[in-house]
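Notes for the one structure printed next.
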Amino acid sequence: MSGTPVGNDIRRLRGERGEMTQQALADACGVTRQTIIALEAGRYAPSLELAFRIARAFGAGVEDVFHWRG
């Protein structure tokens, strides 16, 4: 397995929100689009603060967005 053991459903959740763009999510969370790209690709595990920001942007709980695959 490559990348981080923290998986996520960000891409799916963006699609369920009317194809929310990576840039729109990045803007809502105060990060760059490159950060969202790395998260979706599984190359980056977010800080706890960022995980909460992303979950809040989706109106979801952290465990609805992120999961442990290790």
Side-chain angles (χ1 to χ4, degrees):
M1 174 172 54
S2 65
T4 174
V6 177
N8 67 73
D9 293 314
I10 293 173
R11 187 171 305 204
R12 178 184 61 80
L13 289 165
R14 284 192 309 104
E16 290 175 359
R17 302 307 190 274
E19 295 301 322
M20 174 191 280
T21 65
Q22 291 171 330
Q23 187 63 57
L25 179 58
D27 291 345
C29 298
V31 296
T32 65
R33 181 172 165 262
Q34 288 74 20
T35 298
I36 302 301
I37 291 168
L39 284 163
E40 287 186 354
R43 294 190 312 263
Y44 174 67
S47 67
L48 185 56
E49 178 183 352
L50 180 54
F52 274 103
R53 286 180 185 204
I54 292 169
R56 180 169 285 172
F58 289 125
V62 173
E63 289 186 341
D64 297 322
V65 181
F66 298 96
H67 55 273
W68 184 256
R69 19 174 223 209

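- Counting only heavy atoms from C-beta outward, the side chains of L39 and V31 never approach each other to under 4.5 Å.
- The side-chain contact (heavy atoms from CB on, under 4.5 Å) search around R12 returns D9, E16, not counting sequence neighbours.
- The main-chain N or O of N8 is never found under 3.5 Å from a side-chain atom of R69 such that the two would form a donor-acceptor pair.
- Residues passing the side-chain hydrogen bond (donor to acceptor under 3.5 Å, both in side chains) test with Q23, sequence neighbours excluded: D27.
- For the atom pair CG of L13 and CG of L25, the computed distance is 9.5 Å after rounding to the nearest 0.5 Å.
- What you find for T21 and A24 is that their closest heavy atoms are OG1-N, 2.9 Å.
- Within the structure, salt bridge (charged side-chain N to carboxylate O under 4.0 Å, His left out) contacts touching residues 37-55 (residues at least two apart or in different chains) are R11-E40, R14-E40, E49-R53.
- Here F66 contributes atom CZ and T4 contributes atom OG1; the two are 10.0 Å apart, rounded to the nearest 0.5 Å.
- Separating the OG atom in S47 from the CZ atom in F52 is a distance of 10.5 Å, to the nearest 0.5 Å.
- The two residues A26 and R33 make their nearest non-hydrogen contact at CB-N, 3.7 Å.
- In the hydrophobic cluster analysis, where Ile, Leu, Val, Met, Phe, Trp and Tyr join through side-chain heavy atoms closer than 4.5 angstrom, I10 is grouped together with V62.
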Stepwise, does the side-chain contact (heavy atoms from CB on, under 4.5 Å) test hold for F58 with V65? CA-CA 9 Å; F58 289 125; V65 181; 4.2 Å; yes

